[in-house]
Amino acid sequence: MSTTGPTAARRAARVERTTSESSVVVELDLDGTGRTDIATTVPFYDHMLTALGKHSLMDLTVRASGDTHIDVHHTVEDTAIVLGQAFRQALGDKAGIRRFADATVPLDEALAHVVVDVSGRPYCVHSGEPAGQEFHLIGGHFTGSLTRHLLESFAFHAQICLHVRVLAGRDPHHVVEAQFKALARALRYAVEPDPRVQGVPSTKGAL
């Protein structure tokens, strides 16, 4: 695995990870405009990561390939791992950020609520998906059960506390997309500079 970042001028990072199961490169700029260039070989995942970048205002480039002839699981999980690592590195020492944020986002009949604490302590709570969501095959490749797994992987490697609740939903596509968009908005607000914050927003002095 190779890494670069954060940069001096911008909160950006590049992380590359190669295993026998996948090869992933993520470039991320927290101070971007939502520009995305995503290619994971899993079309529905591309769609979700594009939404994540667009609505978080992160510039996000992802290149991933893997043993999708077996299953897309490894490629999806490993991309989430590298995305989390790049996010953590781009944040640097976290000085001046808001740290806490939440967002509630609808998508037609679906509604998702996400709360984020950029705490340095990884944790993920995920609840509320409709019964059977984990068994749906979305877009021909993406199994519904991957949503929770990739969110857990991202939270662990980003070292954030993440709570995701699906408040309503029926269509499997909408249920997943509402979660990604809510995550995007919460991350956007959590990493924004707060002009009133001096140093790191923690009584411990470090996150």
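A quick note: this is a predicted structure, and the numbers were derived from the prediction, not measured.
Linking Ile, Leu, Val, Met, Phe, Trp and Tyr residues whenever their side-chain heavy atoms come within less than 4.5 Å leaves Ile81 and Phe180 in two separate clusters. A single hydrophobic cluster is not seen to contain both Val105 and Leu162; linkage of ILVMFWY side chains at heavy-atom distances under 4.5 Å, directly or through other members, places them apart.
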Working for side-chain contact (heavy atoms from CB on, under 4.5 Å), residues Val72 and Leu146 = CA-CA 9 Å; Val72 304; Leu146 286 172; 3.8 Å; yes

request  = Dump the intermediate steps for side-chain contact (heavy atoms from CB on, under 4.5 Å) on Val15 and Leu28, then the final yes or no.
outcome  = CA-CA 9 Å; Val15 177; Leu28 181 153; over 6 Å; no

request  = Please lay out, stage by stage, how Val166 and Leu111 fare under the test side-chain contact (heavy atoms from CB on, under 4.5 Å).
outcome  = CA-CA 6 Å; Val166 177; Leu111 184 66; over 6 Å; no

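Among residue pairs with one or both ends in residues 77-129, those qualifying as ring pair (Phe, Tyr, Trp, His ring centres under 6.0 Å) are Phe87-Phe154; sequence neighbours excluded. Applying the salt bridge (Lys or Arg N to Asp or Glu O under 4.0 Å) test to residues at least two apart or on different chains, none of the pairs has a partner in residues 135-154.
For Tyr45, there are no ring pair (Phe, Tyr, Trp, His ring centres under 6.0 Å) partners two or more places apart in sequence or in a different chain. Under the salt bridge (charged side-chain N to carboxylate O under 4.0 Å, His left out) criterion, Arg88 pairs with no residue at all, not counting sequence neighbours. Scored by the side-chain hydrogen bond (donor to acceptor under 3.5 Å, both in side chains) test, His163 finds no partners at all (sequence neighbours excluded). Under the rule for a salt bridge (charged side-chain N to carboxylate O under 4.0 Å, His left out), Asp108 has no partner lying at least two apart in sequence or in another chain. Scored by the side-chain hydrogen bond (donor to acceptor under 3.5 Å, both in side chains) test, Glu27 finds Arg14 as partners (sequence neighbours excluded). The ring pair (Phe, Tyr, Trp, His ring centres under 6.0 Å) test applied to His149 returns His73, not counting sequence neighbours. Checked against salt bridge (charged side-chain N to carboxylate O under 4.0 Å, His left out), Arg63 has the following partners two or more places apart in sequence or in another chain: Asp37. Contacts of Arg121 classified as side-chain contact (heavy atoms from CB on, under 4.5 Å), with partners at least two apart in sequence or in another chain: Arg99, Asp117, Ser119, Lys204.
Separating the CD1 atom in Ile97 from the CZ atom in Arg11 is a distance of 7.5 Å, to the nearest 0.5 Å.
With hydrogens and angles disregarded, no donor-acceptor distance shorter than 3.5 Å links the side chain of Asp67 to the backbone of Ile70. The closest donor-acceptor contact from the side chain of Thr40 to the backbone of Val42 lies under 3.5 Å. With hydrogens and angles ignored, the 3.5 Å screen pairs a side-chain donor or acceptor of Gln179 with a backbone N or O of Val175. At distances below 3.5 Å, at least one donor-acceptor pair connects side-chain atoms of Thr19 with backbone N or O atoms of Ser22.
Side-chain contact between Leu151 and Val164 is present, with heavy atoms from C-beta onward closer than 4.5 Å. Put simply, the side chain of Asp102 does not reach to within 4.5 Å of the side chain of Val116, judged on heavy atoms.
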Just distance, no hydrogens or angles: give the donor-acceptor pairs under 3.5 Å from side chains in residues 130-144, sequence neighbours left out.
| unit_1 | atom_1 | unit_2 | atom_2 | d |
| --- | --- | --- | --- | --- |
| Gln133 | NE2 | Pro172 | O | 3.3 |
| His141 | ND1 | Gly139 | O | 3.2 |

Exercise answer: donor-acceptor pairs, residues 47-61 side-chain atoms, under 3.5 Å, sequence neighbours excluded:
| unit_1 | atom_1 | unit_2 | atom_2 | d |
| --- | --- | --- | --- | --- |
| His47 | NE2 | His173 | NE2 | 3.4 |
| His47 | NE2 | Glu177 | OE1 | 3.3 |
| Thr50 | OG1 | Asp46 | O | 2.7 |
| Ser56 | OG | Leu52 | O | 2.7 |
| Ser56 | OG | Gly53 | O | 3.3 |
| Ser56 | OG | Met58 | N | 3.2 |
| Asp59 | OD1 | Thr33 | N | 3.0 |
| Asp59 | OD1 | Gly34 | N | 3.2 |
| Asp59 | OD1 | Arg35 | N | 2.9 |

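Summarising the local packing, CZ of Phe156 is surrounded by 12 or fewer heavy atoms from other residues, nucleotides or ligands at distances under 6.0 Å.
The nearest pair of heavy atoms linking Ser153 to Glu77 is OG-CG, 3.8 Å.
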